[in-house]
Amino acid sequence: MKAYLFIVKIRIQSALAYRFNVISAILVQCLFMFAMACFWKAAYGGAGAVLGVGEQDMITYTIISVIMGNLLTMGVEGRIESSVRSGSVALDMLKPVNIYGIYLAEDLGDMVVAFFQIAVPLLILGTVMFGLPVPASTVHFILFLLSFSIGYLINWILAALLGMCAFKVISMGPVRNVKGFIMKLLSGSVIPLWFFPKGLRAVLEVLPFVNIYQLPLGIYIGRYTYGEMLLRIVFQLLWCAALWLIFITVQKKAAASVLIQGG
Amino acid sequence: MNIIEVSHLVKEYKKVKKDKGLKGAVKNLFVQDVEYVRAVNDISFEIEKGDIVAYIGPNGAGKSTTVKMLSGIMQPTSGEILINGISPQKERKRVVKNLGVVFGQRSQLNWNLRLGETFDLLKRIYQIDDALYEKNIEMLDEIFKISEFIDTPVRQLSLGQRMRGDLVAAMLHSPEILFLDEPTIGLDVEAKYSVRKFIKEINERSKTTIILTTHDLGDVQELCRRLIIINDGKIIEDGSLDELVDRIAPYRQLVIDFYRPAMIRHPKAELVSVEEARAVYKFRKDEITAAQLIEDISHTAPIKEVGLQEAKIDDIIRTAYQQGRGAEDSTARQ
Amino acid sequence: MWKKIKYYVSVAAALTRLAIQSQMEYPFMLIGHVLANCVQWVVGFATIKFVVDSFGSLGGWGYESMAFLYGMSVLSHGLVVVFFIQTWYMPYCVIEGEYDMFLLRPMGVLFQFLFEDFNLIGITDMIPGLMVFFYGCAKVHLTVNFANTAMILFTLTGATLIRGAVWIFCGSLSFWTKSTANFTDMVGELFERVSMYPLTIYPKWTQVLFTFFLPLAWITFYPVKDILGMEGSVIPVPMAVISLGVGVVMFALSCGLFRVGMYRYESAGS
């Protein structure tokens with residue numbers, strides 16, 4: 001455990017060294033947040049609630065979504081890819097710690113950094129511009145944290161699985177593009193799925209992506225009843241478990257293929 | 001005629017000091033300590049047209065920095081460079097037209113395409129007319145034998161072939177000056193040998209002035225008439241290899257095998273060791289010749305076999321590096 | 001002068017040919033990008049349709065004109081990706097000293113750099129761009145005549161130059177920061193928000209900002225408004241022409257910044 005904590009600390013240190021990255025990230029994320037909030041303001045144009053969600057709730061949704069987006073950046077896929085490309089994947093397997101544990105620790109370290117460096121400033125800026133994005137209630141907030149954590153894991157496993165594609169695919173560029181687009185559009189991070197046509201929505205809500213953004217965000221703004229929330233979180237957990245099983249299987253197969261080919 | 005003139009060249013780098021630990025990382029977010037490092041410290045030299053000069057020194061001595069300034073990639077902090085009478089800093093395009101540069105660690109060839117494609121591109125960039133291009137390709141093919149692999153994608157070439165390709169690419173526009181930065185790095189014995197042969201041939205045929213930096217002293221021994229050694233940003237030696245050897249390592253060793261064990265002394269040579277019938281003498285070249293020494297000794301005892309050992313060039317260069325550093329230290333103390 | 005232009009064109013053509021040839025060595029990558037980009041932009045457009053369907057209009061713009069705006073935006077995005085994608089690698093080039101090779105050749109560094117990596121893959125962005133663009137044209141019943149065609153061409157050229165200039169600006173910052181920050185990636189996000197949605201959704205001061213100080217509104221918004229004849233403009237000059245002018249000026253400025261940065265690169269070394 002101590003080794004993993006040390007990795008978290010090292011990540012924090014090296015991230016602090018890049019102050020330019022931090023300032024530019026805050027600036028651009030803030031602009032994005034502002035643009036999306038304006039988008040919703042213009043769309044509502046003073047109308048009360050559309051499809052059961054009010055204007056202020058939609059702005060809260062946007063601010064929290066942008067903040068979440070910064071906490072959910074994953075380095076794991078890139079790291080798996082580069083270790084496959086450079087061939088160091090075989091060496092990684094010789095290390096006395098679980099390499100995926102290290103990747104997760106690194107990503108968690110990055111998240112801690114992103115929280116203080118980007119999320120907090122963004123929350124302050126968002127509050128200044130559009131008012132404090134308050135959760136529906138304390139209970140909702142706690143459930144949001146729970147749901148966010150599960151969503152984080154789902155997102156991480158998906159990213160790791162994507163990184164595993166590097167074992168099979170020559171160029172990861174398009175794969176990563178598709179993933180980025182799925183995250184942006186099908187997870188409800190920019191535009192919530194309740195604006196989508198019914199049939200499409202029904203399909204998308206079954207997929208794991210909504211569980212990363214839309215579910216925690218919906219809970220935060222109090223879109224769901226308690227019963228609904230519980231049901232959805234259970235469903236979210238099921239997805240998390242299922243993806244975990246897939247990940248374990250794929251990872252074992254990948255390890256076996258490395259041992260056979262010799263990296 | 002001097003084709004390259006360098007006077008009082010200085011290059012200073014800004015170096016940001018990073019503090020240690022988490023606390024340091026937070027501190028560096030706000031304040032950064034800056035210090036200046038002189039990579040090249042007041043260097044002056046001239047190079048004659050048609051010469052082959054080795055520019056050597058330990059890692060971090062300032063070799064690459066100098067070459068980069070000479071070729072116009074980098075701006076000096078102060079001092080002046082004239083190549084063919086023109087400053088590469090003021091008129092980069094005019095100077096590089098007459099320059100060929102090869103970095104051993106970096107290729108200018110297009111990785112994915114056949115070698116010939118890069119040549120075709122360079123023909124356009126340097127505006128080489130068809131007749132000259134044909135002539136140069138023909139001549140370079142004679143030397144480098146590139147037609148064997150001119151249609152192979154660069155990524156499939158061996159390191160030696162790639163280096164030949166890079167040398168041809170640098171020579172296409174018939175430059176008067178060729179900078180070679182570690183041209184034999186990573187090559188096997190055979191490839192090294194042929195690259196050296198090619199460099200020599202280019203120099204002889206087209207009277208190209210060649211400056212090469214290297215860590216391989218074999219390159220120096222085989223190719224260069226002149227040697228500039230630099231350390232800590234300063235020139236510490238400048239002259240021919242022979243001169244350097246005479247000055248730093250004037251001693252030679254003579255190994256003599258007698259028919260039976262003998263202990264014979266000579267006034268002008270030091271008897272280093274005697275082991276059964278073998279004796280080793282150390283003597284100064286300027287005091288006595290090897291032939292004289294052998295003759296003198298053979299008067300006393302019959303000699304079966306002799307061997308003459310020159311000082312090893314590696315040792316000489318190492319000594320030169322150390323001496324340079326020593327001189328630096330003593331001036332610093334004053 | 002004519003000889004010089006001919007020289008530059010011949011080198012540009014040679015560089016482009018080599019870049020295309022080397023990308024053809026990896027056909028699967030190309031196909032992958034075609035699929036990824038088509039899905040991305042077409043579905044991206046669909047989501048906007050869903051929102052406009054739910055609300056009726058956005059900042060006074062109806063669905064049809066937004067489709068046209070979106071089409072122009074994606075098309076110019078495709079163009080900038082084709083011609084200027086290399087600027088994304090500027091931080092890498094600065095840190096790794098990749099400009100050394102260009103400095104050793106008797107030609108402008110930026111020119112060699114921009115053409116060295118002509119991006120065939122970027123054309124895959126043009127396919128969905130054209131799809132949405134023609135769909136938008138049909139939706140707004142745009143008459144095909146000389147004036148409209150010329151305006152659209154002006155707009156696209158101006159838009160590509162503005163976008164390219166911003167990328168060069170961002171990339172040139174790495175001459176000073178020496179950081180690998182993928183700044184351009186995030187600026188792309190900003191382009192999308194400003195060029196795909198009507199500017200009228202933003203507060204007044206933002207509109208002023210994007211018109212005069214960070215002139216992103218000229219990428220699509222003003223010229224499109226003009227082409228669609230949405231309201232009489234105060235200036236007698238077509239917006240598309242101004243857009244082109246803004247593009248040329250910004251591009252020239254960005255080249256200037258690159259030049260200053262290059263001087264710094266030469267002084268600092270790597």
Side-chain angles (χ1 to χ4, degrees), chain A residues 17-45 47 50-51 53 55 58 66 69-70 73 129 169-182 184-186 188 190-198 200-201 204, chain C residues 26 28-37 39-41 43-44 46-61 91 121 124-125 170 173-174 176-190 192-194 196-203 206-207 209-210 214:
Chain A
Y18 288 101
R19 59 176 165 175
F20 172 76
N21 298 26
V22 175
I23 295 166
S24 66
I26 293 173
L27 217 73
V28 177
Q29 291 296 311
C30 178
L31 279 170
F32 176 57
M33 187 165 81
F34 173 75
M36 277 322 287
C38 289
F39 175 87
W40 292 117
K41 280 193 162 198
Y44 273 92
V50 174
L51 298 168
V53 180
E55 187 181 316
M58 207 50 238
V66 172
N70 283 289
T73 44
M129 289 188 294
V169 187
I170 306 161
S171 157
M172 289 286 285
V175 180
R176 208 175 274 150
N177 280 359
V178 169
K179 191 217 169 195
F181 131 81
I182 285 175
K184 215 160 83 184
L185 297 172
L186 304 190
V190 182
I191 291 164
L193 298 185
W194 55 78
F195 291 108
F196 287 29
K198 232 189 184 136
L200 186 58
R201 193 172 66 209
L204 294 181
Chain C
Y26 306 99
F28 286 110
M29 201 151 127
L30 204 64
I31 296 168
H33 276 282
V34 172
L35 291 176
N37 283 324
V39 173
Q40 176 176 351
W41 295 114
V43 177
T47 55
I48 291 191
K49 177 176 161 43
F50 301 151
V51 173
V52 182
D53 279 352
S54 306
F55 289 93
S57 75
L58 196 66
W61 282 50
I121 288 167
T124 60
D125 262 1
C170 293
L173 290 182
S174 53
W176 284 268
T177 59
K178 291 273 171 75
S179 132
T180 47
N182 209 344
F183 197 45
T184 18
D185 213 21
M186 297 188 279
V187 171
E189 194 78 46
L190 191 64
E192 267 186 48
R193 301 298 139 200
V194 181
M196 288 177 183
Y197 305 146
L199 194 66
T200 38
I201 69 169
Y202 299 107
T206 320
Q207 295 186 25
L209 176 79
F210 285 134
L214 194 69

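Numbers restart at 1 for each chain; the letters A, B, ... are given by sequence-line order, proteins then strands. Please read all numbers here as calculations on a predicted model, not as lab measurements. What's counted below: heavy atoms across the whole structure, side chains too, no hydrogens, waters or symmetry copies.
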*Asks:* Tell me, side chain or backbone of C:Y197 under 4.5 Å from chain A's heavy atoms, or both, or neither?
*Replies:* side chain
*Asks:* Could you look at C:T206 and say if it's the side chain, the backbone, both or neither that has a heavy atom under 4.5 Å from chain A?
*Replies:* side chain
*Asks:* Quick check: closest heavy atoms across A:A42 and C:G59, and the distance to 0.1 Å?
*Replies:* CB-N, 4.1 Å
*Asks:* Do you know which of A:L51, A:L31, A:V50, A:V190 has the most heavy-atom pairs under 4.5 Å to chain C?
*Replies:* A:V50
*Asks:* List the atom pairs, donor and acceptor, that lie under 3.5 Å between side-chain atoms in residues 47-55 of chain C and the rest of the protein, sequence neighbours left out.
*Replies:*
unit_1, atom_1, unit_2, atom_2, d
C:T47, OG1, C:G44, O, 2.5
C:K49, NZ, C:D53, OD2, 3.2
C:S54, OG, C:F50, O, 2.9

*Asks:* Supply the atom-to-atom distance C:L58 CG to A:Y44 OH, rounded to the nearest 0.5 angstrom.
*Replies:* 12.5 Å
*Asks:* Pick one of side chain, backbone, both or neither for A:F32, based on which atoms fall under 4.5 Å of a heavy atom in chain C.
*Replies:* side chain
*Asks:* Which atoms of A:L200 come close to chain C, meaning under 4.5 Å heavy atom to heavy atom: side chain ones, backbone ones, both, or neither?
*Replies:* side chain
*Asks:* Partners of A:L186 by side-chain contact (heavy atoms from CB on, under 4.5 Å), sequence neighbours excluded?
*Replies:* A:I182, A:L204
